[in-house]
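So the structure is just underneath, and the comments pick up after that.
Just so we're clear, the structure is a prediction, and the values are computed from it rather than from any experiment. First the proteins, then the strands, lettered A, B, ... as listed; each starts at 1.
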Amino acid sequence: MTNTVLEQVAPSRSGLFTIAALQKAVAFVALIALIAFFGVSAPNFLTGINLVGILQATAVSGVLGVASTFVIISGGIDLSVGTLMTFCAVMCGVVLTNWGMPMAVGVVAALAFGALAGAVSGLIIAKLKVPPFIATLGMMLLLKGLALVIAQDKPIYFNDTPNFSLISNDSLIGYVLPNFAIPNGVLILFLAAIAGSIVLNKTLLGRYIFALGSNEEAARLSGVNTDFWKVVTYALSGSVCGIAGLIIASRLNSAQPALGQGYELEAIAAVVIGGTSLSGGRGTMLGTIIGAFIMSVLTNGLRIMGVAQEWQIVVTGVIIIVAVYVDMLLRRQS
Amino acid sequence: MTKRLLISALALAASAALAAPASAEPYFAIISKGFQHQFWQAVKAGAEQAAKTDGVKISFEGPETEAMVDKQIDMLAAALAKNPQGLGFAALDSQAATPLLKKAQTAKIPVVAFDSGVDSNIPLTTCATDNIKAAGVAADKMAEMIGDEGEVALVVHDQTSRTGIDRRDGFVNEMKAKHPKVQIVDIQYGAGDQLKSTEITKAIIQSHPKLKGMFGANEGSIIGVLNGAREMKRKLVIIGYDSGKQQKDAIIDGQEAGAITQNPVGIGQCVVNSLDKAIKGEKLPKTVDTGFYWYDKSNIKDPKIAAVLYD
């Protein structure tokens with residue numbers, strides 16, 4: 001029975017495959033065009049130090065994009081990814097700094113609390129039938145408040161765990177290729193995207209995520225426990241937010257409890273620019289990563305060019321609308 | 001595909017036209033804690049004035065909210081990539097910025113801290129207001145105006161930023177030390193948001209019928225206090241911080257008793273002038289107190305005060 005629904009979903013997925021590929025190509029070409037444009041117009045743009053800066057600036061928003069991609073393909077939305085990230089960073093700070101536990105425990109705590117909070121969102125959506133937008137809006141505020149309460153309104157520093165800052169700032173690649181010292185935070189982003197892509201395309205969970213987003217009712221009628229898989233999807237997304245929490249806390253050497261709100265919109269923008277449909281059932285991790293890089297190249301390039309800050313925001317807004325408009329045009333043509 | 005490229009190219013060409021032209025003048029990058037508030041705009045104006053007199057070029061940027069520690073770090077990284085001759089920096093979190101500031105030090109880029117400064121020995125000097133002392137003056141004025149006894153409450157922008165903590169503690173500690181009969185019955189946080197601070201104020205007034213005075217710790221907070229008191233039709237001794245058109249009007253028409261102002265224009269000038277001195281090899285003092293003023297109906301038009309107030 002389960003197989004029938006997957007077979008029903010599969011053709012629509014492969015039918016859209018060519019468009020998805022085209023879209024990815026468009027986003028990729030746009031990214032290259034942006035880099036070329038800034039490379040020509042701003043002399044300090046294509047320098048090693050600046051390119052590393054761009055990669056580093058993408059690590060957090062990119063990982064949050066990966067988390068959001070799962071949820072958005074499943075036909076949901078998660079507004080809590082930013083404050084969930086902060087909550088995980090704070091829990092990691094509590095475990096490492098306040099309780100003095102070993103670093104591995106802190107890493108596991110960040111991922112576990114992320115999964116737990118994500119599962120709570122999933123349960124509210126699946127069992128209480130609260131619409132995802134509202135459920136995760138509530139979780140966004142709940143987690144923001146909890147992070148402030150637990151951290152007692154102050155940043156928690158990781159000074160007693162000197163190796164913690166290596167998670168994001170050290171470069172494993174640099175040991176092998178000294179001229180190519182890309183910080184670990186960026187490496188984690190790429191690993192998360194690859195793992196996410198494998199989950200989406202090669203596992204049962206991935207197929208159910210697409211099935212939920214394409215036609216939830218059909219999936220349910222074919223015997224898929226849709227409630228259960230929804231909870232799993234949000235829990236998975238939550239634990240990926242935990243990874244983002246580790247990256248940001250390590251980079252800042254502190255868990256900053258007031259930070260986080262607003263990052264969900266950056267993540268959603270990256271997902272949408274990358275060609276994932278907000279109505280679910282269609283999308284790729286590679287697209288999301290390209291979308292995240294388009295956003296950060298744009299921010300950095302305009303900054304390096306010395307464009308006034310107010311205009312940077314205007315241009316970013318225009319690019320988001322243009323990207324989504326082109327996406328819609330392509331779909332209509334198909 | 002061509003359509004998308006064409007549109008993005010157009011958008012970017014438009015932005016290119018807005019970019020500052022390159023020149024041989026020394027270039028200082030200034031990273032502040034924000035850019036949209038009038039306060040930061042006044043710091044920027046001061047920096048630009050000084051840049052003109054000193055014959056240097058500057059850029060001035062800051063994150064959208066003071067919570068965005070990582071965005072500020074990204075700005076700092078981009079600023080360093082531009083090889084500036086000097087760096088002005090107001091840290092949202094000193095520790096988080098330390099690795100990049102060390103990079104600036106290695107590259108022999110002089111660093112001047114401003115506003116709440118940087119907890120490190122890398123900056124050559126710090127241009128800042130002593131917020132603890134200034135909030136203490138606000139507490140003394142409040143006590144004097146309510147007859148040195150009774151209930152007062154505070155609306156503060158937040159409990160995490162340096163200015164939020166210093167202004168709250170400066171006010172509270174001065175009250176406790178010098179005016180023991182004045183009771184602080186409530187301290188609430190409104191994120192510097194005018195509407196949130198209004199609601200908070202109304203709730204405070206509602207729950208404390210004997211309240212005599214309120215202190216708003218920044219521009220957004222004090223506007224909220226003024227709105228809330230007006231909507232509740234309660235006569236209170238209201239003392240504010242910073243300036244802004246609404247606050248100035250309230251002081252002139254008597255609803256607000258007075259306020260503390262920092263010298264944002266002076267802070268901006270201090271940053272650029274200090275950097276200019278640094279690249280010329282002059283020695284700098286460890287800190288520059290850019291000062292603060294108490295202003296009320298009687299001295300709001302005084303040229304010395306009017307010069308540091310903004311609309």
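- Contacts of B:Phe60 with chain A are made by backbone atoms alone, with heavy-atom separations under 4.5 Å and no side-chain atom involved.
- In this structure, the portion of A:Tyr263 lying under 4.5 Å from any heavy atom of chain B is its side chain and not its backbone.
- Considering every non-hydrogen atom in both B:Ala135 and B:Arg167, the closest pair reads CB-O, 3.2 Å.
- Neither the backbone nor the side chain of A:Ile54 comes within contact range of chain B; no heavy atom of the residue lies under 4.5 Å from a heavy atom of that chain.
- For the pair B:Ile267/B:Phe39, a side-chain contact is recorded, criterion being any heavy-atom separation below 4.5 Å from C-beta on.
- In terms of heavy atoms, B:Ala96 sits closest to B:Val69 at CB-CG1, 3.9 Å.
- The backbone N or O of B:Leu92 lies less than 3.5 Å from no partner atom in the side chain of B:Glu66, so there is not a single donor-acceptor pair.
- Interface summary for chain A: among B:Thr65, B:Leu80, B:Asp93, B:Thr98, the most heavy-atom pairs under 4.5 angstrom belong to B:Asp93.
- A tilted orientation is assigned to the rings of A:Phe45 and A:Phe38, their planes being inclined by 30° to 60°.
- Side-chain contact between B:Ile187 and B:Val156: present, with at least one pair of heavy atoms (C-beta onward) separated by less than 4.5 Å.
- In this structure, no portion of A:Asn169 lies under 4.5 Å from any heavy atom of chain B.
- Note: B:Gly62 leads B:Gly62, B:Ala97, B:Ala29, B:Ser59 in heavy-atom pairs under 4.5 Å with chain A.
- Of all the listed residues (B:Gln95, B:Met68, B:Lys71, B:Gln159), the one sharing the greatest number of non-hydrogen pairs under 4.5 Å with chain A is B:Gln95.
- Ranked by heavy-atom pairs under 4.5 Å with chain B, the list A:Gly301, A:Gly260, A:Ala57 is led by A:Ala57.
- Using a 4.5 Å cut-off between heavy atoms, A:Gln152 makes no contact with chain B at all.
- Each of A:Ile248, A:Thr47, A:Ile49 has some count of heavy-atom pairs under 4.5 Å with chain B, and the biggest count is that of A:Ile248.
- At least one side-chain heavy atom of A:Phe158 sits under 4.5 Å from a side-chain heavy atom of A:Cys92.
- Both the backbone and the side chain of A:Asn50 come within contact range of chain B, with heavy atoms under 4.5 Å apart.
- Counting all heavy atoms, side chain and backbone alike, A:Ser250 lies closest to A:Ser165 at OG-O, 3.2 Å.
- Of all the heavy atoms in A:Met305 and A:Ser41, the pair that sits closest is SD-OG, 3.9 Å.
- When heavy atoms are compared at a cutoff of 4.5 Å, B:Glu64 approaches chain A solely by way of its side chain, counted from C-beta outward.
- Highest contact tally toward chain B, considering only A:Gln256, A:Gln261, A:Arg303, is held by A:Arg303 [criterion: heavy-atom pairs under 4.5 Å].
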